[in-house]
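Worksheet: the structure to be examined is printed underneath.
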Amino acid sequence: MDFDITQLFLYVPGVVIFLVGSNGIRRDRRMKRLGACTEATVVNCPHVVKKDKRGNEIYNYYNVVVEYPGPRGGPERQTVKAPSEYAVGQQVKLFKDGDKFTLVEDEEESWFSAWPTALGGALMILLALFQNQGREMLAMTCLAALLVGAGAVLLWRYFGLKNRGLVKIEAEITDIFTRQLSKGSKILKDSKYTYYPIVRYELDGRENIRMCKINASRENAFPVGDTLTLYYDPKNKRVLEQSAKVSTAIVGGVLLAVGLLAAVSLLAELIV
């Protein structure tokens, strides 16, 4: 069989998804190894840019200064280099790994956690391999397993969130965080920006400031003074930006049904 370079492109989605899942697994293991963390508040976030004599950029990072309760009870400060900008007043988690400090924000739960993502990527790689080899039955088996697994994970996520007893929190938009994506040039007519709402809310008698993950390309998408609804998870003691969505259950149900139909069809062909 002649080699077709286009066959290699079939592997790309699976490889990318597998790498994303693998990185998530390593990150989860690292966080478990680090153990307990300290709640900290961002008090300053200067941008550091250094260029050489030719104007080429050498360094580009943020010196994030955070304040946290020290072991003696008083406040202490620590400066951590980070690739991303943080809003002043934003609550973060400060991890200490030996002599190195790391900042970790409360991340929104993704539809697929690390292990299902890695397994899904592996199935997509096998699907591409069997498809290129012309082994249609094995390729269809991988596709059916991929659909069933994706549907089951989405349904599990939906009902898991629905049964957590999430409590609504009304948060006030106090500011807008602007991140520049690109600068205007001869090719790009205008500069591109993304806008993130910074909100303030009370939880357990304590005021919190949070830069939300939701964003928009329109500057007036999040008017200052308006409110956003957040959701507190009392079980995991986390604040989420989204609750259980019916659309997640619908997509999961459709994928599961299609995958099961494909599996039944494969079994019927094997029996016959």
Side-chain angles (χ1 to χ4, degrees), residues 37-47 61-69 75 80 82-94 103-113 154 157-184 188-252:
C37 62
T38 302
E39 297 290 337
T41 303
V42 177
V43 295
N44 198 7
C45 189
H47 191 193
Y61 60 88
Y62 293 88
N63 266 333
V64 189
V65 183
V66 297
E67 188 172 89
Y68 59 97
V80 183
S84 301
E85 189 174 2
Y86 288 78
V88 174
Q90 183 177 348
Q91 274 74 44
V92 294
K93 293 179 180 177
L94 183 65
L103 291 179
V104 180
E105 300 176 46
D106 278 331
E107 296 184 353
E108 195 74 6
E109 292 187 14
S110 59
W111 283 16
F112 299 97
S113 57
L154 288 178
R157 169 168 167 72
Y158 170 77
F159 287 108
L161 276 177
K162 193 174 180 63
N163 295 329
R164 284 189 196 176
L166 301 181
V167 180
K168 289 185 178 180
I169 300 174
E170 294 301 321
E172 179 188 3
I173 301 176
T174 59
D175 200 357
I176 300 298
F177 186 88
T178 304
R179 178 166 290 159
Q180 186 170 13
L181 301 179
S182 63
K183 293 183 179 180
L188 299 174
K189 294 183 178 180
D190 301 313
S191 299
K192 302 297 181 183
Y193 299 91
T194 301
Y195 302 94
Y196 300 80
I198 297 174
V199 299
R200 178 175 57 208
Y201 61 92
E202 273 197 17
L203 183 62
D204 296 332
R206 176 187 174 188
E207 184 180 89
N208 295 269
I209 295 176
R210 175 191 183 103
M211 187 180 76
C212 296
K213 299 295 183 183
I214 58 174
N215 58 78
S217 57
R218 294 183 296 109
E219 185 175 4
N220 58 351
F222 306 104
V224 174
D226 279 11
T227 59
L228 280 180
T229 301
L230 303 179
Y231 302 88
Y232 176 64
D233 181 358
K235 180 179 179 181
N236 297 319
K237 296 183 178 180
R238 296 182 60 187
V239 176
L240 307 176
E241 295 178 19
Q242 296 181 352
S243 61
K245 290 188 175 181
V246 177
S247 58
T248 302
I250 293 174
V251 173

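It should be emphasised that the depicted structure is a prediction, and the values quoted were computed from it without experimental measurement. The basis for the numbers below is simple: all heavy atoms, side chains too, and nothing from hydrogens, waters or symmetry mates.
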Requested in this report: Could you list the residues that satisfy side chain to side chain donor-acceptor pair (under 3.5 Å) with N163, not counting sequence neighbours?
Outcome: none
**Report entry** Side-chain donor/acceptor of E241 to backbone N/O of I214, under 3.5 Å
**Finding:** yes
Query - salt bridge (Lys or Arg N to Asp or Glu O under 4.0 Å) against E202, all qualifying residues, sequence neighbours excluded - result: none
Query - Donor-acceptor under 3.5 Å (R210 side chain, V239 main chain) - result: yes
Query raised in the report: Among all residues two or more places apart in sequence or in another chain, which pass the ring pair (Phe, Tyr, Trp, His ring centres under 6.0 Å) test with Y231?
Result: none
Query raised in the report: side chain to side chain contact (heavy atoms under 4.5 Å, CB included) with P46: which residues, sequence neighbours excluded?
Result: N44, N63
**Report entry** Counterpart residues, side chain to side chain contact (heavy atoms under 4.5 Å, CB included), relative to V251 (two or more places apart)
**Finding:** L154, L255
Report summary line: The side chain to side chain contact (heavy atoms under 4.5 Å, CB included) partners of N215 (sequence neighbours excluded) come to T194, Y196
Query - Distance in Å, F222 CZ paired with L228 CG, rounded so as to fall on 0.5 Å steps - result: 6.5 Å
Query - Interatomic distance, I169 atom CD1 to T227 atom OG1 [nearest 0.5 angstrom] - result: 13.0 Å
Query raised in the report: Mind checking what makes salt bridge (Lys or Arg N to Asp or Glu O under 4.0 Å) contact with E207, not counting sequence neighbours?
Result: R200
Report summary line: Sorted by chain and number, sequence neighbours left out, side chain to side chain contact (heavy atoms under 4.5 Å, CB included) with A40 holds for V66, Y68, V92, L94
Query raised in the report: Taking side chain as C-beta onward, heavy atoms only, is V246 less than 4.5 Å from Y158?
Result: yes
Query raised in the report: Which atom pair, heavy atoms only, marks the closest approach of I173 to P197?
Result: CG2-CB, 4.3 Å
Query raised in the report: Can you name the residues that form a salt bridge (Lys or Arg N to Asp or Glu O under 4.0 Å) with E170, not counting sequence neighbours?
Result: none
Query raised in the report: How many angstroms lie between CG in N208 and CD in E39, if you round to the nearest 0.5 Å?
Result: 8.5 Å
Query raised in the report: Looking at side-chain heavy atoms only, is the closest gap between L161 and S243 below 4.5 Å?
Result: no
Requested in this report: Kindly compute the distance separating OG1 (T248) from CD (Q242), expressed to the nearest 0.5 Å.
Outcome: 8.0 Å
Requested in this report: Can you measure from OG (S217) to OH (Y195) and round to the nearest 0.5 angstrom?
Outcome: 8.5 Å
Query raised in the report: In Å, rounded to the nearest 0.5 Å, how long is the span from CG of L166 to CG of L230?
Result: 11.5 Å
